[in-house]
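Computation of the quantities below employed the complete heavy-atom set of this structure, encompassing side-chain atoms and omitting hydrogens, waters and symmetry-equivalent molecules.
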Amino acid sequence: MAAQQQPGGPMPQPGLQQPTSLQQQQQQQLSQQQDFDPVHRFKMLIPQLKESLQNVMKIASLNLAHNTTIDNGIKSSDAAVQRFDKSLEEFYALCDQLELCLRLAYECLSQSIDSAKHSPNLVPTATKPDTVQTESMSYAQYLGMIKSQISCAKDIHNALLECSKKIAGKGQPQGIM
């Protein structure tokens with residue numbers, strides 16, 4: 001043995017190993033980003049759903065044919081058949097995952113629309129000063145907008161506290177005789 005491995009994994013070799021490691025990290029980050037994208041996940045699940053549906057139909061037809069032969073007295077029930085309920089459960093699990101992906105995508109879209117609606121103007125950043133657009137707002141305007149949003153949130157919070165105190169006050173007995 002020329003080189004021993006460390007407990008954390010193989011020893012890095014100079015030269016060729018580092019670019020490969022960097023490429024693997026970039027590919028892993030891209031994969032993680034795609035995992036969080038509900039539309040990408042939806043697209044990845046569709047072929048699995050088609051395959052699962054084909055499997056459900058195949059098992060259903062095999063079970064139907066098997067039961068028909070038993071009913072007609074041609075065969076006995078000695079042959080093992082695949083479980084229809086397990087394949088159907090797998091299909092429903094994939095449907096549930098697809099539904100969650102669609103709901104998440106809808107929520108992301110709604111949040112994006114609300115964000116654009118309540119903060120329509122962009123604030124130019126110091127890293128990209130050349131991308132200043134005519135509809136962008138200055139930092140002072142942005143701060144004013146944020147302060148008004150904070151003030152509104154505090155007003156809502158205070159109103160909710162007052163309501164909860166009134167509700168809690170009505171639940172207590174008025175006097176004991």
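A continuous path of Ile, Leu, Val, Met, Phe, Trp and Tyr side chains, each step under 4.5 Å between heavy atoms, connects Leu98 with Leu88, placing both in one hydrophobic cluster. At a threshold of 4.5 Å between side-chain heavy atoms, the hydrophobic network of Ile, Leu, Val, Met, Phe, Trp and Tyr places Leu104 and Leu100 in two separate groups. Both Val56 and Ile46 sit in one connected hydrophobic cluster of ILVMFWY residues. Membership requires side-chain heavy atoms under 4.5 Å apart, directly or through other members. Grouping the Ile, Leu, Val, Met, Phe, Trp and Tyr side chains by contacts below 4.5 angstrom, directly or via other members, places Leu49 with Tyr92. Residues Leu102 and Leu53 are members of one and the same hydrophobic cluster, defined by side-chain heavy-atom contacts under 4.5 angstrom among Ile, Leu, Val, Met, Phe, Trp and Tyr.
Taking 4.5 Å as the limit, every side-chain heavy atom of Leu160 sits out of range of all side-chain heavy atoms of His157. Annotation: side chain of Gln149 is in contact with side chain of Ile146 (closest heavy-atom distance under 4.5 Å).
Between Leu45 atom CG and Cys101 atom SG the span is 5.5 Å, to the nearest 0.5 Å. Put simply, CG on Asn55 and NZ on Lys50 are 16.0 Å apart, with the number rounded to the nearest 0.5 Å. For the atom pair NE2 (His66) and OG1 (Thr68), the distance works out to 10.0 Å, reported to the nearest 0.5 Å. Interatomic distance, Phe91 CZ to Met57 CE, rounded to the nearest 0.5 Å: 7.5 Å. The OG atom of Ser87 lies 3.5 Å from the CD1 atom of Ile59; values are rounded to the nearest 0.5 Å.
Nearest approach of Asn63 to Gln82, heavy atoms of both residues: ND2-O, 3.2 Å.
Partners of Asp85 according to the salt bridge (charged side-chain N to carboxylate O under 4.0 Å, His left out) rule, which considers only residues two or more places apart in sequence or in another chain, are Arg83. Residues forming a side-chain contact (heavy atoms from CB on, under 4.5 Å) with Gln54 (at least two apart in sequence, or on another chain): none.
Distance alone, capped at 3.5 Å, places no donor-acceptor pair between the Ser112 side chain and the Cys108 backbone. A donor-acceptor pair under 3.5 Å is absent between the side-chain atoms of Ser52 and the main chain of Gln48, judged by distance alone.
Within a 6.0 Å sphere centred on CD of Glu51, heavy atoms belonging to other residues, nucleotides or ligands number 12 at most.
Judged as a salt bridge (Lys or Arg N to Asp or Glu O under 4.0 Å), the pairs with a partner in residues 101-110 (not counting sequence neighbours) are, in order, Glu99-Arg103.
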**OP:** With side chain to side chain contact (heavy atoms under 4.5 Å, CB included) as the test, would you mind laying out the steps for Leu94 and Gln97 before giving the verdict?
**Re:** CA-CA 5 Å; Leu94 285 170; Gln97 289 180 21; 4.2 Å; yes
